[in-house]
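To find a chain, count down the sequence lines: A is the first, B the second, and so on, and within it residues start at 1. Quick note: numbers below take in every heavy atom, side chains included, and nothing from hydrogens, waters or symmetry partners. Model, not experiment: these values are computed from the prediction.
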Number of protein chains: 2
Amino acid sequence: MLRFFAVRGLSFIVLTAFGVTVANATDLLPSWNDVASKRQIVAFVEKVTDPRGSDYVQPAERIAVFDNDGALWGEQPIYVQLVFALDRVRALAPEHPEWRSQSPFKEVLAGDIAGVMAGGEQALLELVMASHAGMTTDEFAAIAGDWIATAKHPDTGRRYVDMVYQPMLEILGYLRANGFKTFIVSGGGIEFIRPWAEEVYGMPPEQVVGSSIVTEFEMRDGVPTLVRKAEMNFIDDKAGKPVGINSHIGRRPIAAFGNSDGDLQMLQWTTAGSGARLGVIVRHTDAKREWAYDRESAVGRLDKALDIAGEQGWTVVDMAKDWSAIYPPVAD
Amino acid sequence: MLRFFAVRGLSFIVLTAFGVTVANATDLLPSWNDVASKRQIVAFVEKVTDPRGSDYVQPAERIAVFDNDGALWGEQPIYVQLVFALDRVRALAPEHPEWRSQSPFKEVLAGDIAGVMAGGEQALLELVMASHAGMTTDEFAAIAGDWIATAKHPDTGRRYVDMVYQPMLEILGYLRANGFKTFIVSGGGIEFIRPWAEEVYGMPPEQVVGSSIVTEFEMRDGVPTLVRKAEMNFIDDKAGKPVGINSHIGRRPIAAFGNSDGDLQMLQWTTAGSGARLGVIVRHTDAKREWAYDRESAVGRLDKALDIAGEQGWTVVDMAKDWSAIYPPVAD
């Protein structure tokens with residue numbers, strides 16, 4: 001997948017350097033069936049890139065934002081970052097004998113995920129801090145990068161980075177070929193995503209927005225160091241997403257792709273701007289090839305955003321019907 | 001200046017699209033005399049862009065960060081953003097009769113800047129909040145953009161945006177021509193700088209890092225809105241600069257340009273990385289064409305960073321000797 005992506009990227013750069021619009025959706029979106037959602041996305045892109053049209057948007061303003069969990073890769077049965085946190089707690093357990101008798105750590109070590117979940121947000125926060133804080137930013141990037149390089153989903157046997165959605169990779173490439181700058185805007189940790197987002201999504205670290213913990217600069221034995229503290233700094237979810245967009249991007253996107261109520265305000269903020277706007281909800285309808293869930297799901301619940309999608313003119317993607325492939329081909 | 005800059009930008013894009021290194025420092029740095037500081041900067045750029053050399057750096061990692069006040073434009077006798085705050089307080093005064101008897105507002109309205117300064121940080125914070133908060137992000141961007149379009153420095157008669165340093169504009173262009181991505185990392189307000197940074201510096205909003213106040217998402221009469229609150233969120237100065245860099249850029253720069261002790265930690269963080277690194281201090285030595293100040297200045301104090309510049313191998317630019325021009329030519 002990565003090689004395929006890289007070669008493509010190169011040809012895009014050459015073509016777009018001279019302002020040639022590469023809007024050949026047939027070539028660039030092969031995993032999309034000829035359905036309404038695809039046609040709406042393509043119509044939007046053709047509209048904002050047509051310099052003779054009234055909806056034309058200058059390249060600098062062609063900002064597209066993407067949720068990560070459930071929009072660019074899978075999120076069931078639990079967020080990948082939570083799997084990482086649980087694995088880290090297990091790996092660190094020998095250094096923490098006290099965890100054997102402390103919730104939520106003892107539940108993690110006993111493999112009692114339901115017991116962990118029963119602890120609610122406080123339990124999850126404790127696990128995140130125990131696994132994500134207390135080291136330098138460089139150390140954490142290495143830990144997260146090493147983990148993601150090999151960690152596999154228990155059901156599919158695929159690496160998590162091979163559970164990205166092929167049709168969404170194609171959308172990223174299609175938008176970039178049309179002069180868009182793409183950003184991830186995730187409720188997940190910004191420093192958990194950055195170590196691999198460039199290789200997997202073609203998304204450089206400065207185009208990743210996410211939740212963060214407090215980070216402080218310290219001189220340690222004369223060496224300038226950034227240390228991760230066990231304290232939340234910013235939660236880039238729900239009403240936090242437009243705030244994160246404003247902080248990191250500084251202009252309002254013209255296109256937003258999400259899949260859950262956590263993306264509701266990002267979709268509202270994006271599509272309320274003047275001129276042509278695109279809001280897209282990826283709906284998980286494919287129990288056979290992926291997972292089917294919406295209003296009742298604890299992870300990636302899609303309820304209110306789905307209710308108002310129609311009146312807002314947002315595009316709803318039906319994964320089962322609209323996508324001919326879910327995941328990229330994997331070289332074995 | 002702006003047209004000059006735009007035409008230049010275009011030629012750079014075409015040349016760099018095919019990976020041609022445009023390292024012709026003679027052409028691109030005409031306002032630099034043939035001095036040690038220029039030679040050090042050029043040697044660094046040639047080193048990291050030479051694919052056959054051991055110091056070669058991939059384009060994606062060619063991140064350069066620039067302080068704004070005193071490094072890209074003037075900062076004397078008081079920061080431009082403080083001039084803006086004072087002007088805003090005067091403009092808003094008719095709506096606030098109570099200010100006539102309240103410090104620091106009454107001092108502002110009486111033109112008693114020394115009296116304002118006597119109030120210290122707390123006074124400045126009150127002025128910033130009164131002038132920068134309590135409106136939407138869109139409203140503030142319009143206010144700041146309108147102000148900067150016409151506001152002039154009382155001594156030079158130039159607009160502040162025409163008091164940017166021509167040799168530094170050339171450095172920005174030279175680095176971009178060599179595949180660098182440039183960022184502003186300012187102690188000033190991120191939303192004060194963004195409305196004009198693209199036109200003046202060629203710096204898009206997503207490449208501006210700065211201090212910020214708390215911003216919240218609200219639905220106002222069904223309209224998604226971002227509201228600026230009277231509370232500091234992040235101070236991007238001193239030890240905050242590496243934190244801001246980490247948050248917004250997510251990788252360590254290989255080059256940093258500053259001018260004061262507020263840039264010390266940014267210079268340390270940048271130049272402590274492995275491989276070739278460039279740290280540059282712009283030293284204000286030109287009392288005739290600009291201002292001369294360093295260790296004793298309340299604004300832009302340069303003391304500790306100057307002490308350790310030598311041992312750190314940082315380049316010190318002597319504005320009076322090294323620059324043949326200070327400001328860009330202005331069309332009258």
Side-chain angles (χ1 to χ4, degrees), chain A residues 13-19 60-61 63 137-138 141 181 183 190-191 193-195 197-198 204-210 212 214-219 222-228 233-234 238-252 264-273, chain B residues 13-19 60-61 63 137-138 141 181 183 190-191 193-195 197-198 204-210 212 214-219 222-228 233-234 238-252 264-273:
Chain A
I13 289 166
V14 173
L15 286 166
T16 55
F18 296 97
E61 297 287 340
I63 304 288
T137 51
D138 288 346
K181 197 164 184 176
F183 289 81
I190 187 168
E191 302 220 41
I193 299 169
R194 280 172 163 170
E198 190 152 28
E206 62 269 27
Q207 286 162 230
V208 177
V209 183
S212 57
V214 171
T215 304
E216 286 178 3
F217 178 84
E218 290 176 15
M219 293 297 284
V223 178
T225 307
L226 286 171
V227 181
R228 294 167 59 81
N233 175 59
F234 177 66
K238 302 188 176 72
K241 288 205 175 194
V243 175
I245 288 169
N246 185 62
S247 167
H248 286 259
I249 308 178
R251 38 186 152 210
R252 199 191 290 235
L264 175 61
Q265 289 85 351
M266 176 172 84
L267 286 159
Q268 289 174 318
W269 174 244
T270 300
T271 59
Chain B
I13 289 166
V14 174
L15 285 166
T16 56
F18 296 97
E61 299 287 339
I63 304 288
T137 52
D138 289 345
K181 197 164 184 176
F183 289 81
I190 187 168
E191 304 221 39
I193 299 170
R194 279 172 163 168
E198 190 152 27
E206 63 269 27
Q207 286 163 231
V208 177
V209 183
S212 58
V214 170
T215 303
E216 285 179 3
F217 178 85
E218 289 176 16
M219 292 298 282
V223 178
T225 307
L226 286 172
V227 182
R228 294 166 60 79
N233 175 58
F234 177 66
K238 300 188 178 74
K241 289 206 174 191
V243 175
I245 288 169
N246 186 63
S247 167
H248 285 259
I249 308 177
R251 38 185 152 208
R252 198 192 291 232
L264 175 61
Q265 290 85 350
M266 176 172 84
L267 286 160
Q268 289 174 318
W269 174 245
T270 299
T271 58

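- Counting heavy-atom pairs closer than 4.5 Å to chain B, the top residue among E218(A), Q268(A), R194(A) is R194(A).
- At a 4.5 Å heavy-atom cutoff, the contact between F183(B) and chain A is made by side-chain atoms alone.
- Comparing R252(B), M219(B), K181(B) by heavy-atom pairs within less than 4.5 Å of chain A, the highest count is held by K181(B).
- A pairwise comparison of heavy atoms in F217(B) and A239(A) identifies CB-O, 3.5 Å as the closest pair.
- Of all the listed residues (E206(B), E191(B), Q265(B)), the one sharing the greatest number of non-hydrogen pairs under 4.5 Å with chain A is E206(B).
- Expressed to the nearest 0.5 Å, how far CD1 of I245(B) lies from OG1 of T137(A) amounts to 11.5 Å.
- Contacts between L226(B) and chain A at a heavy-atom distance below 4.5 Å involve backbone atoms as well as side-chain atoms.
- Within the 4.5 Å cutoff, the side chain of T225(A) has no heavy atoms near those of the W269(B) side chain.
- Interface remark: T271(B) contributes no atoms to any contact with chain A (heavy atom separation under 4.5 Å).
- When each of G273(A), A272(A), P224(A) is scored by its heavy-atom pairs under 4.5 Å with chain B, the top score falls to P224(A).
- Between chain B and the residues S212(A), P205(A), G240(A), A141(A), the largest count of heavy-atom pairs under 4.5 Å involves P205(A).
- For D138(B), the part sitting under 4.5 Å from any heavy atom of chain A is the side chain, from C-beta outward, and nothing else.
- Taking CD1 from I249(B) and NE2 from H248(A), the interatomic distance works out to 11.0 Å, rounded to the nearest 0.5 Å.
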